[in-house]
Amino acid sequence: MKVLVVCSTSFYDKVENVKNGLEKNGHIVYLPNCYDDPVTNEDNKLMSDEEYLDFFRSMYYESRDKIAEVDAILVLNYTKVKNGVSLDNYIGASTFLEMYEAF
């Protein structure tokens, strides 16, 4: 089975273990966008409005193309601490959009 792992960049440190487990069980794993070179909020602040739109547009299309190729997506939704608040089972906007696209 081809599986796309999707998650917040906050959880990229957990992707490798998940990937290894899936591959060990015979699955082909597609990794989240920018997994090899994560874009941070600080990077986003350096972009012009047009660059920001172009970047997120390209990420949307990349995700859409990956979703069309796979049999399933696996959403990693761990606890995230944001601004001192613990958010259980966190799903960010981009991950939510990927879930909707897969649906």
Side-chain angles (χ1 to χ4, degrees):
M1 180 181 288
K2 295 183 217 172
V3 179
L4 170 62
V5 176
V6 297
C7 62
S8 166
T9 56
S10 303
F11 306 140
Y12 277 10
D13 62 326
K14 299 178 183 336
V15 170
E16 187 69 25
N17 285 338
V18 171
K19 174 185 173 287
N20 292 339
L22 288 168
E23 288 177 340
K24 189 176 183 178
N25 285 294
H27 301 289
I28 298 165
V29 180
Y30 290 60
L31 298 173
N33 292 348
C34 299
Y35 175 72
D36 294 328
D37 188 20
V39 176
T40 66
N41 286 333
E42 294 305 314
D43 296 329
N44 291 339
K45 290 177 185 175
L46 299 175
M47 294 180 191
S48 69
D49 289 346
E50 188 171 323
E51 289 171 325
Y52 184 79
L53 279 173
D54 287 343
F55 172 74
F56 276 96
R57 185 178 294 118
S58 71
M59 290 297 97
Y60 167 75
Y61 289 130
E62 185 177 332
S63 289
R64 186 186 67 181
D65 292 346
K66 286 179 183 179
I67 290 166
E69 290 183 40
V70 299
D71 302 304
I73 66 168
L74 175 62
V75 178
L76 308 184
N77 60 326
Y78 300 100
T79 299
K80 176 179 178 171
V81 177
K82 188 172 184 177
N83 299 325
V85 177
S86 181
L87 305 169
D88 294 337
N89 304 312
Y90 179 78
I91 295 173
S94 295
T95 302
F96 181 78
L97 183 59
E98 289 167 319
M99 292 167 60
Y100 177 80
E101 184 71 33
F103 175 77

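Keep in mind that this is a model prediction, so the values were computed, not measured.
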* Asked: Is it the case that one hydrophobic cluster holds both Phe96 and Val70, taking links as side-chain heavy atoms less than 4.5 Å apart, direct or via other members?
  -> yes
* To do: Hey, could you give me each pair passing ring pair (Phe, Tyr, Trp, His ring centres under 6.0 Å) that has a residue in residues 44-77? Not counting sequence neighbours.
  => Tyr52-Phe56
* Asked: Taking the side chain as C-beta and beyond, is there a heavy-atom pair between Lys19 and Leu31 under 4.5 Å?
  -> yes
* Is it true that atom CD of Glu50 has more than 12 heavy atoms of other residues, nucleotides or ligands lying nearer than 6.0 Å? -> no
* Structure fact -> Value for CG (Asn33) from NZ (Lys66), rounded to nearest 0.5 Å, stands at 4.0 Å
* Closest non-hydrogen atom pair, Arg64 against Glu101 -> CG-OE2, 3.4 Å
Under 3.5 Å, which donor-acceptor pairs do the side chains of residues 76-84 form with other protein atoms, sequence neighbours left out?
from  : atom 1 : to    : atom 2 : distance (Å)
Thr79 : OG1    : Asp88 : OD1    : 3.2
Lys80 : NZ     : Ser10 : OG     : 3.2

* Structure fact -> Exactly one of Val15, Leu22, Val29, Leu4 clears side-chain contact (heavy atoms from CB on, under 4.5 Å) with Leu74, and that residue is Leu22
* Asked: Looking at side-chain heavy atoms only, is the closest gap between Asp54 and Glu51 below 4.5 Å?
  -> no
* In terms of hydrophobic clustering (I, L, V, M, F, W, Y; side-chain heavy atoms under 4.5 Å; direct or indirect links), are Val6 and Ile28 co-clustered? -> yes
* Got more than 12 heavy atoms from elsewhere within 6.0 Å of CG, Asp49? -> no
* Short side-chain to backbone donor-acceptor contact, Ser8 and Phe11, under 3.5 Å -> no
* Any chain of hydrophobic side-chain contacts (each under 4.5 Å) joining Tyr12 to Met59? -> no
* Do Ile91 and Ile73 share a hydrophobic cluster, counting only Ile, Leu, Val, Met, Phe, Trp and Tyr and linking them when any side-chain heavy atoms are less than 4.5 Å apart? -> yes
* Joint hydrophobic cluster, Ile67 plus Val75, side-chain heavy atoms closer than 4.5 Å -> yes
